[in-house]
Colleague: 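Pasting in a structure now, in structure tokens, and then I'll have a few things to ask.
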There are 2 protein chains.
Amino acid sequence: MAQNDTVTRILDTAEVLFAERGFAETSLRTITSKAKVNLAAVNYHFGSKKSLIQAVFARYLDPFTERFHGALDDLERRYRGQAIPLEELLETMARSVLEVPAERNSLKVFMRLLGLAYSQAQGHLRRYIQQDYGSVFTRFTELIRQATPELPDAERFWRLHFMLGSVIFTLSGLDALRDIAEKDYDEHVTVRDLVRRLRPVVVAAMQAPLPAPAPATAQEA
Amino acid sequence: MAQNDTVTRILDTAEVLFAERGFAETSLRTITSKAKVNLAAVNYHFGSKKSLIQAVFARYLDPFTERFHGALDDLERRYRGQAIPLEELLETMARSVLEVPAERNSLKVFMRLLGLAYSQAQGHLRRYIQQDYGSVFTRFTELIRQATPELPDAERFWRLHFMLGSVIFTLSGLDALRDIAEKDYDEHVTVRDLVRRLRPVVVAAMQAPLPAPAPATAQEA
DNA sequence: CCACGTTTGAAACAATTGTTTATAACCAGG
DNA sequence: CCTGGTTATAAACAATTGTTTCAAACGTGG
């Protein structure tokens, strides 16, 4: 029934095609023909291509934010006011991300979509995500702030984005990188492997010594 | 003269438009009209849109690889056979990247283009870059290998890409992130500032402790 | 000055895009 | 049964895309 439903058939097909070809490079005709659905169905059910893209994201992000909020609730309850250790916070986020595909498609697709959203020029997508799902991120960063009181606010901001870049970049480009890695080293790596490898790196990065202060150059005030 | 030359006018306009809107989202008509050049000029001088894109990259990457190779030559000469320290290698790479805009446009545009190239689905662009400019990267990673003998090869491979992600992600999304950072914290941050902030983070990440070995899960051999 | 290869110009091309329209099929509730 | 709103279908739409064509303009070597 869910499989035969036109709406979910469109979403299922669209998310895969978007992930492997990008948004602009995926036409509605490609989606509808592969989904065995009439072309007009997209505009009928979603209104426009743009809305379809957002719907694809919502289907991933809604379960994720719910889980993540719940996990953070648990954490705060357990630590009741005390600062939650950095490792716990990162661990919780990783666990929440890894749990998403239980309700949806592969985690690989999800990360690829996220990567596309952030690299999208102009950034209507990033703005949409920020607007509808920014609150979890805000809550998370605030907890990170309490876990790393020694870091200046600006420094923490940038380091968080450094790490966000590591995660999104490697996980969204996983297929291409895996090909290289498999050829050069034996290993067949999974998303979970990468998350495991990311953990100590992220912790070390957040706890790295502060950079040398900016040198006063001639062209600056 | 260089300014009046049709070819360079096309390239100058294209790289800016590509950087701020993406490749698929930038039409040849937008480029040629903004460059005050006839529409057919692109196909006449470059053959196709695809070739134009590659030409835009070549104009950045050619000077970069030349400088970078030269800088690595200097380093190897100075250390004559001994392993070059990690910090030196990173410092050299950063300096080479920062020097590029001296010959070309802004560094911001360069990083944005790199980010787009890597996030491009399918990845013909990534393949083109790898094919024509992969040798410098290979040389660099070999030196990194000698500088971090304690790291398993696969681990170093992934950590390098983690860091590549940090750099490309933050620097290519600089404009959007800067807006947030400026609002929340005072600072007006430049690319050079980010590179300075990246240094200790990258070093710490590369030297982080090894991850816990992969747990033997049920579905794995 | 003329002739010839190079570059520019305006127009047309064929293909593809997202979206809309009008009609048909469906499928419940009276 | 049939009637009314919901969904599916095929066709057309208008706009935009990259590319090609062919004639005009250019500029340089004879």
Side-chain angles (χ1 to χ4, degrees), chain A residues 1-59 113 116-117 120-125 127-128, chain B residues 1-59 113 116-117 120-125 127-128:
Chain A
M1 37 189 62
Q3 178 58 296
N4 219 0
D5 188 17
T6 304
V7 170
T8 69
R9 258 231 307 286
I10 292 176
L11 286 172
D12 288 343
T13 313
E15 73 179 17
V16 172
L17 289 176
F18 284 153
E20 62 190 25
R21 308 149 88 125
F23 303 115
E25 296 83 354
T26 306
S27 72
L28 293 186
R29 283 170 176 81
T30 315
I31 297 173
T32 53
S33 74
K34 195 157 214 163
K36 289 208 252 288
V37 151
N38 189 274
L39 168 62
V42 169
N43 287 278
Y44 177 76
H45 286 286
F46 297 94
S48 67
K49 182 181 182 179
K50 204 174 196 167
S51 307
L52 169 63
I53 296 175
Q54 296 189 350
V56 166
F57 274 91
R59 210 164 56 134
L113 289 175
L116 283 176
Q120 270 288 309
Q122 288 179 293
H124 359 73
L125 246 182
R127 223 170 301 128
Y128 157 76
Chain B
M1 36 189 59
Q3 177 58 298
N4 218 359
D5 188 17
T6 304
V7 169
T8 69
R9 257 230 308 285
I10 292 177
L11 286 172
D12 288 344
T13 313
E15 72 178 17
V16 172
L17 289 176
F18 283 153
E20 62 190 25
R21 308 150 88 124
F23 304 115
E25 296 83 355
T26 306
S27 71
L28 293 185
R29 282 171 176 80
T30 315
I31 297 173
T32 53
S33 73
K34 195 157 214 163
K36 289 207 254 287
V37 151
N38 189 273
L39 168 62
V42 169
N43 288 278
Y44 176 77
H45 286 287
F46 297 94
S48 67
K49 183 181 182 180
K50 204 175 199 168
S51 307
L52 168 63
I53 296 176
Q54 297 189 349
V56 167
F57 273 92
R59 210 163 57 136
L113 289 175
L116 283 177
Q120 269 288 309
Q122 289 179 290
H124 359 72
L125 247 183
R127 222 168 303 127
Y128 157 75

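Lettering of chains follows the sequences in order, A, B, ..., and the numbering in each one begins at 1.
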Colleague: Who are the side-chain contact (heavy atoms from CB on, under 4.5 Å) partners of A:Ala40, not counting sequence neighbours?
Modeller: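 A:Ala40: side-chain contact (heavy atoms from CB on, under 4.5 Å) contacts with A:Asn38.
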Colleague: Going by the rule side-chain hydrogen bond (donor to acceptor under 3.5 Å, both in side chains), which residues pair with A:Ser33 if we only count those two or more places apart in sequence or in a different chain?
Modeller: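 For A:Ser33, no residue satisfies side-chain hydrogen bond (donor to acceptor under 3.5 Å, both in side chains) once neighbours in sequence are set aside.
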Colleague: B:Asp5 has an atom CG; how far is it from atom C1' of C:dT8, in whole Å?
Modeller: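 One finds 13 Å between C1' of C:dT8 and CG of B:Asp5, rounded.
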Colleague: Distances under 3.5 Å only, N/O to N/O: pair up the protein atoms with those of nucleotides 19-23 of chain D.
Modeller:
| unit_1 | atom_1 | unit_2 | atom_2 | d |
| --- | --- | --- | --- | --- |
| D:dT19 | OP2 | B:Asn43 | OD1 | 3.2 |
| D:dT19 | OP2 | B:Lys49 | N | 3.0 |
| D:dT19 | O5' | B:Asn43 | OD1 | 3.4 |

Colleague: Nearest whole angstrom, please: distance from the P of C:dT8 to the CZ of B:Phe46.
Modeller: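 Checked: the CZ to P distance equals 11 Å.
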Colleague: Send over the distance from B:Arg21 CZ to D:dT16 P, rounded to a whole Å.
Modeller: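 So the two atoms are 13 Å apart, to the nearest Å.
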Colleague: I'd like a table of donor-acceptor pairs (distance under 3.5 Å, sequence neighbours excluded) in which one partner is a side-chain atom from residues 18-25 of chain A, with atom names and distances.
Modeller:
none

Colleague: Looking at B:Ser27, I'd like to know whether one of its side-chain N or O atoms comes within less than 4.0 Å of OP1 or OP2 on D:dT16.
Modeller: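 For B:Ser27, the contact criterion (side-chain N or O under 4.0 Å from OP1 or OP2 of D:dT16) is not met.
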Colleague: Can you tell me if the side-chain N/O atoms of B:His45 get under 4.0 Å from OP1 or OP2 in C:dT8?
Modeller: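 So the side chain of B:His45 is within the cut-off, an N or O lying under 4.0 Å from OP1 or OP2 of C:dT8.
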Colleague: How long is the line joining CD1 of B:Ile53 and C1' of D:dG18, in whole Å?
Modeller: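 It works out to 12 Å between those atoms.
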Colleague: Classify A:Thr32 by what it touches in the nucleic acid, base, sugar-phosphate, or nothing, heavy-atom distance under 4.0 Å.
Modeller: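 The residue A:Thr32 makes no contact with any strand.
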Colleague: Need one value for B:Ser51: base, sugar-phosphate or nothing, where a base atom within 4.0 Å counts as base even if backbone is also close, heavy atoms only.
Modeller: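 The residue B:Ser51 makes no contact with any strand.
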Colleague: In whole angstroms, how far is the P atom of D:dT7 from the CZ atom of A:Arg9?
Modeller: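 In whole Å, D:dT7 P and A:Arg9 CZ are 15 Å from each other.
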Colleague: Which value, rounded to the nearest 0.5 Å, describes the distance between B:Lys36 atom NZ and B:Thr6 atom OG1?
Modeller: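 Between B:Lys36 NZ and B:Thr6 OG1, I get 13.0 Å after rounding to 0.5 Å.
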Colleague: Roughly, in whole Å, what's the span from NZ in B:Lys36 to C1' in C:dA10?
Modeller: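 That distance rounds to 19 Å.
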Colleague: Could you pull out all residues at least two apart from A:Tyr128 that satisfy side-chain contact (heavy atoms from CB on, under 4.5 Å)?
Modeller: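 Scan of A:Tyr128 (side-chain contact (heavy atoms from CB on, under 4.5 Å), adjacent residues dropped) gives A:Gln54, A:Phe57, A:Ala58, A:Leu125, A:Asp132, A:Tyr133.
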Colleague: What residue pairs, at least two apart or across chains, pass salt bridge (Lys or Arg N to Asp or Glu O under 4.0 Å) with a residue in residues 41-59 of chain A?
Modeller: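 Qualifying pairs: A:Asp12-A:Arg59, A:Glu15-A:Arg59.
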